[in-house]
There are 2 protein chains.
Amino acid sequence: MTTEKRRAPAGAAVLRDEITTAIRRALMQELAAVGYGRLSIEAVARRAGVSKTAIYRRWSSKLDLVLEIVAAAAHGKLPALDTGTLRGDLALLFQAVAHALRHPLASQIIPDLLAEAARNPSIDATLRQVLHARQQEIGGRLVTRAVQRGELPADTELDAAVDLIVGPLYWRLAIARLPLTDGYLDNLVESVAAGLGADSVLPRPRAAPISG
Amino acid sequence: MTTEKRRAPAGAAVLRDEITTAIRRALMQELAAVGYGRLSIEAVARRAGVSKTAIYRRWSSKLDLVLEIVAAAAHGKLPALDTGTLRGDLALLFQAVAHALRHPLASQIIPDLLAEAARNPSIDATLRQVLHARQQEIGGRLVTRAVQRGELPADTELDAAVDLIVGPLYWRLAIARLPLTDGYLDNLVESVAAGLGADSVLPRPRAAPISG
DNA sequence: CAACGACGGTACGGTTGCGTCCCGACGTGT
DNA sequence: ACACGTCGGGACGCAACCGTACCGTCGTTG
């Protein structure tokens, strides 16, 4: 038995949270600034004002670092989404997505990592857990409830529905990077609801031409 | 006048097209394999089986190389899109997009460059010219004709329409990277048509705006 | 209060890529 | 046939980064 009982690390010999936090923040900024491809540990350390060793003590590799931090950052923050109507749920979801993608860091990091996922299985797996799975879950609940209420046809395919719900807004905010004009989200709610096959008996408020 | 009349380069002293082509192909493959961030001229040269000098003689920098080649690759190939109905145009467009994004190279390069565009103004400008502008043009024609036929409301906003048309399919193929199941594109045509406000049978008279 | 033990920082060799320079090879035009 | 002039290739100096080893420092615990 080489490992006798040892004193637990204490005092100066314990990881300082402030350093860990600084590394996390620096990583996000570097990731946004240069992307995963060009990301270097040295640059993260420089930006965080710490040494490389401080990073290597906490994470074994660049991939490890990114995976852990990204997964942590993507946790929490799932809206309740139970407004009682399909359109209400969509509106809430779109606002949450729009709010999240407004953060410059998020809007640069997410597309970058999604592109990287196409060639890095670890990143792909992590993103599928924290992003796609969550979308499927949220979208699933949203669609299921709408079906139960009779707002959507019973044979709605979840996959296709998620594409229709997430695609347009993601495209606009993260890819095309165009601004959200007034009423855009409201129109989108209507368009997506109609696209999903929502009952057109319900009133469809169309964006009225702004008359001053 | 230092530049007197000189013999034009001839014989061995002229750029060989085969080399240029090999570089182009190697660039695409490298771009797909490692992304723009990690792209190195050396790797391109290695893969193409040429020397670095061969590349530097043709392009002044890595950015130059990527911009020129990507712009060239994105030219051509715009479908006629004049089937006479909104749904027909959509179906044709979707098939073209799906076909293009099926190429493994394209489906890796395009998201990568789009992410890179968020931090590189030159790439951003180029992509806007060759991708977004073209989408606006195609989408514009498609929507305009549908409006003229009475299939879409006259106040359709082009921007939002393009998001709705391009977003879902791009999301599925390039981001989520899920397969196209049987009938997916057909369903998508219906969904998008409905989302744009197309009536299922007859051109819809404009709904009265409901204040809200 | 003194020993402990991981802390953060610096220094190091190795690797990779950049951009340039020089070289012999080569095909055309005079 | 020869001169021309760029070709492709290899080598070079320079810079950045990786991952590790070693160093003195520091707060807690017995």
Side-chain angles (χ1 to χ4, degrees), chain A residues 2-27 29-31 33-69 116 119-120 122, chain B residues 2-27 29-31 33-69 116 119-120 122:
Chain A
T2 60
T3 60
E4 287 300 315
K5 189 171 197 295
R6 293 192 155 236
R7 245 167 74 175
V14 79
L15 289 172
R16 280 156 56 186
D17 273 357
E18 50 194 290
I19 302 279
T20 306
T21 302
I23 295 173
R24 285 200 156 89
R25 182 180 343 184
L27 174 80
Q29 293 174 350
E30 272 299 309
L31 217 41
V34 305
Y36 180 83
R38 277 193 205 276
L39 185 73
S40 82
I41 299 291
E42 301 228 5
V44 174
R46 266 199 305 271
R47 192 187 284 265
V50 304
S51 72
K52 282 196 297 178
T53 318
I55 298 179
Y56 280 113
R57 278 196 215 282
R58 290 167 170 80
W59 296 276
S60 66
S61 67
K62 161 173 145 181
L63 182 60
D64 219 43
L65 172 61
V66 171
L67 290 186
E68 195 263 6
I69 291 186
E116 193 66 26
R119 61 181 82 95
N120 189 319
S122 299
Chain B
T2 60
T3 60
E4 284 302 314
K5 190 172 196 298
R6 292 191 154 235
R7 241 165 77 175
V14 79
L15 289 173
R16 281 155 56 184
D17 272 357
E18 49 193 292
I19 301 279
T20 306
T21 302
I23 295 173
R24 284 201 154 90
R25 181 177 347 182
L27 174 80
Q29 293 174 349
E30 273 299 308
L31 217 42
V34 304
Y36 180 82
R38 277 196 202 276
L39 186 74
S40 82
I41 299 292
E42 301 227 7
V44 174
R46 266 198 305 271
R47 192 188 284 266
V50 305
S51 72
K52 283 196 297 178
T53 318
I55 299 179
Y56 281 112
R57 278 195 217 283
R58 290 167 169 81
W59 296 277
S60 66
S61 67
K62 161 174 146 181
L63 182 60
D64 218 44
L65 171 61
V66 171
L67 290 186
E68 194 264 4
I69 291 186
E116 193 66 26
R119 60 180 83 95
N120 189 318
S122 298

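- The nucleotide whose nearest atom lies closest to any side-chain atom of A:R57 is, among C:dG8, D:dG9, D:dC18, C:dG8.
- The OH atom of A:Y56 sits 16 Å away from the P atom of C:dT10 (whole-angstrom rounding).
- A:K52 contributes a side-chain N or O that forms a donor-acceptor pair with the base of D:dG19 under 3.5 Å.
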Handout entry: Residues A:I19, A:R58; criterion side-chain contact (heavy atoms from CB on, under 4.5 Å); working and verdict
Key = CA-CA 10 Å; A:I19 302 279; A:R58 290 167 170 80; 3.6 Å; yes
Exercise for the section: Decide side-chain contact (heavy atoms from CB on, under 4.5 Å) for B:V44 and B:L31; before the verdict, give the C-alpha distance in whole Å, the side-chain angles of both, and the deciding distance to 0.1 Å. Expected result: CA-CA 9 Å; B:V44 174; B:L31 217 42; over 6 Å; no
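- Atom CZ of B:R16 is separated from atom P of D:dG8 by 6 Å (rounded to the nearest Å).
- Contact annotation for A:R38: no contact, since no heavy-atom pair falls under 4.0 Å across all strands.
- Atom pair A:W59:CH2 and D:dG19:P shows a separation of 15 Å (rounding to whole Å applied).
- The shortest non-hydrogen separation linking A:L39 to A:E30 is CD1-CB, 3.5 Å.
- Between D:dC17, C:dG17, D:dC18, one nucleotide has an atom nearer to the side chain of B:R46 than all others, and that is C:dG17.
- Residue A:E30 contributes atom CD, which lies 13 Å from atom C1' of D:dA16 at whole-angstrom precision.
- Straight-line distance from the CZ atom of B:R58 to the C1' atom of D:dT6: 11 Å, rounded to whole Å.
- Other residues, nucleotides and ligands contribute more than 12 heavy atoms inside 6.0 Å of the CZ atom of B:R24.
- Residue A:I41 has its side chain nearest to D:dC18 when only C:dT20, D:dC18, C:dG17 are considered.
- The distance between atom CD1 of B:I23 and atom P of D:dG8, rounded to the nearest whole Å, is 7 Å.
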Problem - side-chain contact (heavy atoms from CB on, under 4.5 Å) evaluation trace for B:Y56 with B:I41 - result: CA-CA 9 Å; B:Y56 281 112; B:I41 299 292; 3.9 Å; yes
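- Comparing D:dG8, D:dG19, C:dG8 by their nearest atom to the side chain of B:I19 picks out D:dG8.
- Summarising the geometry, the separation between NZ on A:K62 and P on D:dA16 is reported as 17 Å, rounded to the nearest angstrom.
- For A:S51, counting side-chain heavy atoms from C-beta on, the closest listed nucleotide (D:dG8, C:dG17, C:dG8) is C:dG8.
- Ranking C:dG9, C:dC18, C:dT20 by closeness to the B:E42 side chain, first place goes to C:dC18.
- At whole-Å resolution of the value, CG in A:D17 and C1' in C:dA6 are 15 Å apart.
- For B:T53, the listed nucleotide lying nearest its side chain is C:dT20; candidates were C:dT20, C:dG8, D:dC18.
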